[in-house]
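What follows is a short report on a single structure.
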Amino acid sequence: MVSAPDAAVKLIHLDHEIRGLEYQLFVARRRKRWGNIHLVAGPLLLVTLWIVSGFSRFDIRSENSQITAVVGLAGLALLLKGCHLKFRPGGPATYNGTGLFGDRKLESDLDLELTLLRDKRKLSVSEGELTLKQRRLAYKAEAFSDVDRFRAENKRYRRIQNALQGVLIIGSLATTAIAGISLISPLAKWGTMVTSFLVGIASGFIAAFKYRERGAYLQQTADAIESEWEAFDLGIGRYKHYGSDKEAQEKALGDFAEEVYRLKTEQKKREQNLDQPPSDERSGPAAGA
């Protein structure tokens, strides 16, 4: 049987390793996502350029030809970057003196290692002689990491929402402007088609994935957990009636852990509701009635 101090130290080390693997897994998934975006954006830009140019004669002295060359190089660069991210997947590079780009752990391997470490953590808690207070203190420390994670996810959803909203605004205005130019230049009709297509894609993504709602719920949960944390540390709110003796503090810690658990459970339920298709959301209350 492992003693309580040794189990607590082992738990701290495991938590540190878990945080590191979570970051590596985040980098691996981000590189995979950006690889997909580059592989779509690069060819789409090249095809759009090819259509809009209308097989016109290329003359390096012409301003239009120079713009075409720059856009073509940008599309080619996106395509090459996407190929690099696809053929070199994984998390952060680790340079050991061999290889030009360094070694990267694959997303599947990182996910496997993370699952193994989490199982080790559960086993360490069950085998160690940790008191209920120690387990609750570990849960309290983990709650602050959850606040950082929720806010990081909220920032990511907000960036996506802002980008798609920008595509909607700029695309709508550009479609109207290009439609007026198309009366003079027939080639501008292709521009109208492309901008309309982009506006439709952005609108569909906003409606389907509900980035704004997801970010708002994450921010709301993070703020609630942080407020609960500060109220516990300052002894205000629901914790102001607890005394300073050991038994009262343990009871306050138990109430804190219960409230944080409730907030995190509600967040999971909100995410599940957002993942449901609109038909299920409309039929849910009727079915429950």
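If you read the sequence from its start, that first residue is 1, and numbering goes on from there.
A donor-acceptor pair is defined here as one N or O able to donate and one able to accept, closer than 3.5 Å; such a pair exists between the side chain of Arg31 and the backbone of Gly90. Between the side chain of Asn154 and the backbone N or O of Phe150 there is no donor-acceptor pair closer than 3.5 Å. Without hydrogens or angle criteria, Ser203 side chain to Val199 main chain gives no donor-acceptor distance under 3.5 Å. Listed for the His84 side chain is no donor-acceptor partner under 3.5 Å among the backbone atoms of Leu80.
Between Lys264 and Asp146 the shortest side-chain heavy-atom distance falls below 4.5 Å. The shortest distance between side-chain heavy atoms of Leu85 and Lys32 does not fall below 4.5 Å. A heavy-atom distance below 4.5 Å is found between the side chains of Gln220 and Arg270. When side chains are defined from C-beta on, Asp275 counts as touching Arg214, because their heavy atoms get closer than 4.5 Å.
Under the 30°/60° scheme for interplanar angles, the aromatic rings of Trp229 and Phe256 are found to stand perpendicular.
Side-chain N/O atoms of Gln165 and Tyr211 include no donor and acceptor closer than 3.5 Å.
Summarising the geometry, atom CG belonging to Asp109 is positioned 8.5 Å from atom NZ belonging to Lys105; distances are rounded to the nearest 0.5 Å. In this structure, Leu218 CG and Tyr157 OH are separated by 6.5 Å, a value rounded to the nearest 0.5 Å. A distance of 10.5 Å separates CD in Gln267 from CD in Gln272, rounded to the nearest 0.5 Å.
For Glu266, the CD atom sits in a packed shell: over 12 heavy atoms of surrounding residues, nucleotides or ligands are nearer than 6.0 Å.
Residues meeting the side-chain hydrogen bond (donor to acceptor under 3.5 Å, both in side chains) test with Lys155, sequence neighbours left out: none.
A continuous path of hydrophobic side-chain contacts links Ile160 to Ile201 [ILVMFWY only; heavy atoms under 4.5 Å]. The cluster map of Ile, Leu, Val, Met, Phe, Trp and Tyr, joined by side-chain heavy atoms under 4.5 Å apart, puts Val27 and Leu25 in different clusters. Neither Phe26 nor Leu21 shares a network with the other; the hydrophobic side chains, linked directly or stepwise wherever heavy atoms of I, L, V, M, F, W or Y lie under 4.5 Å apart, form separate groups for each.
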| task | Output, in order, the C-alpha distance, side-chain angles, deciding distance and verdict of salt bridge (charged side-chain N to carboxylate O under 4.0 Å, His left out) for Arg262 and Glu259. | result | CA-CA 5 Å; Arg262 184 188 67 82; Glu259 178 63 17; 2.5 Å; yes

